[in-house]
Amino acid sequence: MTVDFKLANVVLTVDDHAADHPELYYRAEAGAARYEDGAGLELTGTADFLTYVNGCSACKWRMYAGLQEVWLHVEVAGAGEIRIDAVASDASDRQVFSAHAVDAAPDVPVALDIEVPTAGEDLIGFIAVPAEGERLVIVRAYWYAKVDPKRINEVRLALATTTFNKEAYITANIDLVQAGIRAEGVPILGNFHMFVVDNGRTLDVDALTDDLVSVLPNPNTGGSGGFARGMMAATEHPGEFTHVLVMDDDVRIMPESLIRTYNLLALAQGPYRDAFINGAMLSLEDPVRQFEDVSFVLNSGAYRRVKTDLHMGSLSDLLVNERTNVEVPNAYGAWWYSCIPTAAIEKNGLPMPFFIRCDDVEFGMRNQPVFMTMNGICVWHESFEGRFRASVDCYQYIRNFMAMIAVDDCASEGLFIVRIRRSVRQDLRDLDYSAAELLLDGFEDYLKGPQFLESLDGAELMRQNGARNERLMPVEDMDPELLRAAGVTREVLSHANVESQASRFMKVLRSLPYDKHYLPKPMLGTRPGYVVKNGAAMIEGESLARETLVFLDPTRTKGTIRHMDRARFRAIRMREHELLRRHRTIGKQVRQAWKDAFPYLTSREFWTKYLGLES
């Protein structure tokens with residue numbers, strides 16, 4: 001005996017944030033598709049649903065769930081044809097798999113159930129083609145499988161999202177999730193709950209809490225503290241939930257992603273029954289651009305994405321996205337959307353109290369999970385270009401990553417120290433003294449040992465460090481004569497590429513241990529220079545032998561003027577040498593202290609005390 005088990009709904013409405021990119025959902029000529037709430041999607045021309053949101057990932061369902069065939073259920077009115085297209089595993093182009101005539105009354109839909117074997121196919125989709133002079137109305141459609149009910153896993157899913165003074169984002173997401181889950185019904189309805197951890201304590205608890213949502217007021221302990229609180233709520237009663245999905249508050253969520261996550265968990269087999277699911281991050285500014293789904297840590301401590309940027313409106317990129325293996329060593333999934341088995345939390349502990357940065361990476365290093373990903377399981381988030389903050393990207397990163405190396409042995413401490421020294425040297429060359437100072441602050445606070453974190457007021461430290469971040473101004477407010485002298489032309493400002501353009505020679509040159517601060521003034525150039533950087537990565541420009549430097553962020557819409565400060569340079573280098581000497585002296589003891597404290601810092605006992613939850 002088998003039962004019909006839904007895999008994914010075909011999403012007929014284009015979300016407002018992607019209104020200019022309907023090709024994420026379906027491809028149709030302008031004006032040929034019109035959605036009317038309650039009636040469906042009316043088509044006067046061909047509409048192609050082999051897309052990021054609506055295509056069926058045959059290769060993933062075959063791999064994760066062992067499905068050898070899927071069915072398309074479509075309820076359609078009017079006259080025309082529903083055609084199934086598929087891309088074979090060894091192909092780059094689609095082929096017609098089958099065609100099915102539709103001849104129904106304009107307002108009386110008929111139901112078609114079309115079987116599609118998945119063996120040898122990677123992506124499957126359908127095309128709706130109205131007859132000449134006619135229209136088709138897609139009322140409802142979804143992909144499903146026929147499965148033995150005994151093989152359906154028991155799933156009870158908790159969504160944990162943490163917010164701090166972002167009421168507009170979080171209340172909108174609560175409304176979306178509520179509407180989406182209630183409209184879907186069983187099996188997810190009745191096996192789902194949303195925990196909203198309010199680090200700002202600004203939400204109306206009584207107004208927002210009901211049978212699907214619980215708002216949990218929390219002290220401002222950052223993302224790690226908020227997610228720890230959500231995980232604690234989901235594991236408070238053993239067996240109440242099987243999975244916790246942690247998600248950022250400042251994302252645009254598609255409720256269908258939650259439904260697909262639940263359905264994938266319910267059918268996952270073999271090694272994937274205990275896998276994590278990581279949703280992709282797509283750009284809010286460019287909704288078809290996928291930035292990342294799974295990443296990994298190199299032995300040097302650098303992060304790398306498994307995939308480069310992909311264009312989700314392109315069939316070739318859809319194929320790359322599904323065919324690329326994300327099961328790589330030292331993998332982690334960022335917590336904008338990451339679904340974690342509660343068994344992993346109960347076995348391996350809660351997040352480290354890092355406040356922000358590296359908590360998701362460390363959790364991945366600790367658990368070494370198998371990851372599942374799939375087209376259409378995603379969120380949209382603001383892009384990271386132009387969001388560099390030394391208080392986070394230097395201080396928090398260095399302090400927390402050093403602790404992560406100590407507790408997880410996930411990278412070479414020696415190589416990471418080399419990266420610290422190289423980063424300080426590059427910051428000084430680029431006259432970014434604040435970044436160098438905050439980086440060394442992070443290194444110094446790591447050397448204070450785990451006791452430093454146990455009693456730290458992370459919010460206050462973030463406030464203090466944030467006040468030291470470099471202040472940028474709009475380029476149009478900067479001195480135009482200085483910009484011209486530095487070589488900042490209209491062409492430079494209009495070049496929006498965020499990838500490094502340095503030649504191999506320049507890359508080698510930048511790695512050498514030199515610094516212009518040691519040169520006498522007559523040897524320094526009289527003209528200013530300019531640099532464009534994306535975080536620590538140089539994109540273009542040159543600061544060699546320049547006393548004055550124009551810095552531009554990667555968007556090239558903001559920047560600042562930096563001037564050489566030899567006294568500040570000397571103080572930073574002296575402090576760097578002293579911290580390195582201290583590390584050589586006590587580094588082994590500090591590393592062991594972090595490792596010894598790790599079980600307590602990730603325990604329910606610690607977090608209960610730290611969050612003030614003791615009765």
Side-chain angles (χ1 to χ4, degrees), residues 1-11 49 54-76 82-86 89 97-102 104 109-126 138-158 180-193 239-243 245 255-275 277 322 339 341-343 370 372 374-377:
M1 183 188 76
T2 62
V3 296
D4 294 349
F5 192 92
K6 186 188 290 184
L7 307 179
N9 292 294
V10 173
V11 180
F49 292 85
N54 286 324
C56 180
S57 298
C59 58
K60 292 293 183 71
W61 283 110
R62 190 169 58 248
M63 179 191 304
Y64 298 150
L67 299 183
Q68 297 302 310
E69 58 276 316
V70 297
W71 277 258
L72 172 68
H73 175 87
V74 56
E75 298 168 17
V76 56
I82 299 296
R83 193 180 84 202
I84 302 296
D85 278 11
S89 300
F97 189 88
S98 62
H100 308 268
V102 179
V110 296
L112 300 180
D113 287 273
I114 305 169
E115 180 180 2
V116 188
T118 64
E121 310 294 348
D122 279 356
L123 285 180
I124 300 169
F126 74 95
I138 308 294
V139 177
R140 182 180 181 224
Y142 57 85
W143 298 97
Y144 70 98
K146 295 181 182 292
V147 300
D148 184 337
K150 294 180 181 178
R151 62 152 292 181
I152 299 174
N153 305 319
E154 186 178 21
V155 178
R156 293 178 300 280
L157 178 61
I181 299 301
R182 294 190 191 281
E184 179 65 11
V186 295
I188 191 170
L189 184 64
N191 291 295
F192 174 89
H193 197 81
E240 185 175 9
F241 294 100
T242 61
H243 295 80
L245 197 165
E256 176 63 19
S257 291
L258 301 174
I259 295 165
R260 295 180 186 184
T261 297
Y262 181 94
N263 295 341
L264 179 55
L265 294 172
L267 295 185
Q269 299 294 303
Y272 300 104
R273 287 191 66 174
D274 300 318
I277 297 176
E322 295 301 68
C339 187
T342 53
V370 172
M372 296 189 289
M374 187 176 288
N375 282 343
I377 297 180

Residue pair [X] / [Y]: nearest heavy atoms and the distance that separates them:
{"X": "A268", "Y": "R273", "value": "O-CG, 3.0 Å"}
{"X": "H243", "Y": "P341", "value": "CD2-CA, 3.6 Å"}
{"X": "V139", "Y": "P109", "value": "CG2-CB, 4.0 Å"}
{"X": "I259", "Y": "G180", "value": "CD1-O, 4.2 Å"}
{"X": "I377", "Y": "S257", "value": "CA-OG, 3.7 Å"}
{"X": "Y262", "Y": "L157", "value": "CD1-CB, 4.3 Å"}

Hey, does the side chain of [X] reach the backbone of [Y] with a donor-acceptor pair shorter than 3.5 angstrom?
{"X": "E256", "Y": "N9", "answer": "yes"}
{"X": "T242", "Y": "R156", "answer": "yes"}
{"X": "R83", "Y": "F97", "answer": "no"}
{"X": "N153", "Y": "L265", "answer": "yes"}
{"X": "E322", "Y": "C59", "answer": "no"}

Verify side chain to side chain contact (heavy atoms under 4.5 Å, CB included) between I152 and F5, making sure each step is shown before the conclusion.
CA-CA 9 Å; I152 299 174; F5 192 92; 3.7 Å; yes
[Y] side chain reached by [X] side chain, heavy atoms, under 4.5 Å:
{"X": "L264", "Y": "W61", "result": "yes"}
{"X": "F126", "Y": "D85", "result": "no"}
{"X": "N191", "Y": "V186", "result": "no"}
{"X": "V10", "Y": "I138", "result": "no"}
{"X": "R151", "Y": "L267", "result": "yes"}
{"X": "P255", "Y": "I181", "result": "no"}
{"X": "P149", "Y": "M1", "result": "yes"}
{"X": "D4", "Y": "V147", "result": "no"}

[atom1]-[atom2] distance between [X] and [Y], expressed to the nearest 0.5 angstrom:
{"X": "L67", "Y": "Q269", "atom1": "CG", "atom2": "CD", "result": "8.5 Å"}
{"X": "I277", "Y": "C339", "atom1": "CD1", "atom2": "SG", "result": "5.0 Å"}
{"X": "M372", "Y": "Y64", "atom1": "CE", "atom2": "OH", "result": "7.0 Å"}
{"X": "F192", "Y": "E184", "atom1": "CZ", "atom2": "CD", "result": "12.0 Å"}
{"X": "E121", "Y": "I84", "atom1": "CD", "atom2": "CD1", "result": "11.5 Å"}

Using a strict 4.0 Å threshold on nitrogen-to-oxygen distance, state whether K146 and D113 make a salt bridge.
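The answer is no: the pair does not qualify as a salt bridge.
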Does a donor on one side chain and an acceptor on the other come within less than 3.5 Å for T2 and D148?
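Side chains of T2 and D148: no pair found under 3.5 Å.
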Establish, from distance only, whether the side-chain atoms of T118 and E69 form a donor-acceptor pair under 3.5 Å.
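No, no side-chain donor-acceptor pair sits under 3.5 Å.
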Would K6 and W143 count as a cation-pi pair here, with the cationic atom under 6.0 angstrom from the ring centre and within 45° of the axis?
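No, K6 does not lie over the aromatic ring of W143.
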Once ring pair (Phe, Tyr, Trp, His ring centres under 6.0 Å) is applied, do any residues pair with H193, and if so which ones, sequence neighbours excluded?
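Once residues adjacent in sequence are excluded, the partners of H193 under the ring pair (Phe, Tyr, Trp, His ring centres under 6.0 Å) criterion are F195.
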List the steps and the verdict of side chain to side chain contact (heavy atoms under 4.5 Å, CB included) for D274 and V370.
CA-CA 8 Å; D274 300 318; V370 172; over 6 Å; no
Begin with the C-alpha distance, continue with both residues' side-chain angles, and end with the deciding distance and a verdict on side chain to side chain contact (heavy atoms under 4.5 Å, CB included) for S57 and R260.
CA-CA 12 Å; S57 298; R260 295 180 186 184; over 6 Å; no
